[in-house]
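The structure appears right after this line, and notes come after that.
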Amino acid sequence: MGIKENIEEIRQSLQQELSSMSDIKQLEEARQKVLGKKGTLTALLRSMGSLSPEERPAAGQLINAGREMISAMLDARSAALKAVEREAKLRRDAIDVTEPRDLPRVGVPHPCTLALNEVLSALTGLGFDIVEGPEIELDHYNFELLNLPKNHPARDAQDTFYVDDNIVLRTHTSPVQARTMLSRKPPIRIACPGRVFRADEIDATHSPVFHQIEGLVIDKDVNMGDLKGTLDALFKKLYGEDMETRFRPSFFPFTEPSAEVDLTCISCRGKGCRMCKGTGWIEVLGCGMVNPKVLEMCGIDPTVYSGFAFGIGLERITMLRYGIKDLRLLYEGDERFLRQFR
Ligand code: PHE
């Protein structure tokens, strides 16, 4: 068989192989089989050694031409296979941007946040500004200016966390009252939400960290009737027109007179139930007329101005609002609990 026929045979069998192959790996194997060290065309090249010097140039030309042709065939097929593979990969990796997906899980507002927002929006609706103060507080604001001098027995009732002799974790939001009276001129109408701290037990109704919402109003001719009217308006707005408040005498060093306030039981609307122990009333806050001594210490003339203050326990209001029986549930962060209050 002549060189020409040999090349033609190699070409034909390669062509057959190429037409039936489906990936680049097979193609490279085919390339080796023809052009590799032990390839058929390489063998043909080697066989030239047995030709006479006169025959060699023509044979060399034939083989080189054949080699180029075969290389071109392989390259063309390789390009085609690569294009097909690329096409398939693009199709495989395609993203349907219109496909609906599961939404990421988002958190929900804490029930205390929900209750706080209700109280604050009711109070701002009544004309109160929202003011905040520091959680780490000077003894001076937390106690002294609120008529609780050092060694006053009422300090013991507060189970204070002391940072040092003069600095405490605030035991109530009342220091914000003192700070505001010192920094603003009457009329003052503020609501002060915030975290407070007491060295308390942890049980179903006590926690060393909890929240209060302080209210303070200072103006000319403010009296106890205004205090009662404001609280009535607040709770009617929050829980309905049938809500009433009831004042019981109490004591706070910074208010005089002072009162504990009961609210119509939110759960039974006053009929008497387990939550209100059959009385129809629930205690919700402490309040009173700002003690003239406090006004004076905070730079407000008690012969011209008077005022009232109240302190609402946020957790208590939240528990009443949602019928939650154990305070600890509010701090555990259990999603199954929290997701109920959306
Ligand atoms: N600061 C009081 C407390 O924490 C509550 C209170 C506030 C009472 C304002 C009267 C007036 O117990």
Side-chain angles (χ1 to χ4, degrees), residues 116 119-120 123 126 128 130-135 137-149 152-161 168-181 188-200 205-219 222-224 226-231 234-235 245-263 282-295 297-298 300 302 305-318 327:
L116 175 65
V119 174
L120 289 183
L123 284 172
L126 292 170
F128 286 71
I130 296 170
V131 174
E132 289 179 300
E135 293 174 356
E137 183 59 284
L138 290 168
D139 182 290
H140 185 62
Y141 295 108
N142 195 80
F143 291 128
E144 297 275 345
L145 289 179
L146 297 173
N147 197 29
L148 275 147
H152 191 290
R155 280 198 179 201
D156 297 347
Q158 302 245 354
D159 303 311
T160 311
F161 285 114
V168 301
L169 300 187
R170 68 177 176 193
T171 57
H172 49 183
T173 42
S174 302
V176 189
Q177 285 187 38
R179 287 175 170 275
T180 307
M181 286 188 266
I188 292 170
R189 224 183 273 126
I190 55 161
C192 324
R195 193 178 287 159
V196 301
F197 309 85
R198 289 189 199 174
D200 250 342
T205 55
H206 294 87
S207 159
V209 183
F210 57 104
H211 300 79
Q212 293 184 330
I213 306 156
E214 191 89 5
L216 173 73
V217 172
I218 311 271
D219 205 346
V222 176
N223 62 42
M224 199 109 178
D226 298 322
L227 170 55
K228 180 128 178 24
T230 301
L231 292 175
L234 171 65
F235 287 112
T245 59
R246 180 174 83 170
F247 279 38
R248 280 179 292 106
S250 184
F251 174 79
F252 300 101
F254 35 93
T255 49
E256 181 58 36
S258 303
E260 303 269 13
V261 176
D262 295 338
L263 176 67
I282 296 258
E283 188 191 317
V284 286
L285 61 91
C287 67
M289 300 306 293
V290 179
N291 191 321
K293 262 176 143 170
V294 171
L295 290 177
M297 282 189 283
C298 294
I300 291 174
Y305 294 103
S306 57
F308 63 76
F310 55 87
I312 304 174
L314 176 59
E315 280 78 358
R316 183 154 178 76
I317 289 282
T318 306
L327 178 63

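Values in this document were obtained by computation on a predicted structure and should not be read as measured data. Atoms within each ligand, like the ligands themselves, are counted from 1 in listed order. The basis for the numbers below is simple: all heavy atoms, side chains too, and nothing from hydrogens, waters or symmetry mates.
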For this session: Going by heavy-atom distance to atom 5 (C) of ligand 1, choose the closest among Gly311, Pro253, Gly313.
Result: Gly311
Give the numbers and elements of all ligand 1 atoms closer than 4.0 Å to a heavy atom of [X].
{"X": "Ala309", "value": "9 (C), 11 (C)"}
{"X": "Gln212", "value": "3 (C), 4 (O)"}
{"X": "Ser174", "value": "1 (N), 7 (C)"}
{"X": "Cys287", "value": "8 (C), 10 (C), 11 (C)"}

For this session: With rounding to the nearest 0.5 Å, note down the distance linking OG in Ser174 to CG in Leu146.
Result: 5.5 Å
Seminar exercise, completed: Interatomic distance, CD@Glu283 vs CZ@Arg248, rounded to 0.5 Å, equals 5.0 Å
Problem set entry | Worked verdict on Phe210 versus His172 for ring-ring contact (aromatic ring centres under 6.0 Å, His included) | CA-CA 9 Å; Phe210 57 104; His172 49 183; over 10 Å; no
For this session: For the pair Arg246 and Asp262, find out whether any cationic side-chain nitrogen is under 4.0 Å from an anionic carboxylate oxygen.
Result: yes
For this session: Could you tell me whether ligand 1 has any atom less than 4.0 Å away from a heavy atom of Phe254?
Result: yes
Seminar exercise, completed: At under 4.0 Å between heavy atoms, what of Arg198 touches ligand 1? The answer is side chain
For this session: Kindly confirm or rule out an N or O of His172 lying under 3.5 angstrom from an N or O of ligand 1.
Result: yes
Exercise. When Val290 is tested against each of Ile300, Ile218, Asn147 for side-chain contact (heavy atoms from CB on, under 4.5 Å), which residue passes?
Worked result: Ile218
For this session: Test Phe128 against every option in Leu120, Leu216, Leu234, Thr230 by the side-chain contact (heavy atoms from CB on, under 4.5 Å) rule and name the one that passes.
Result: Thr230
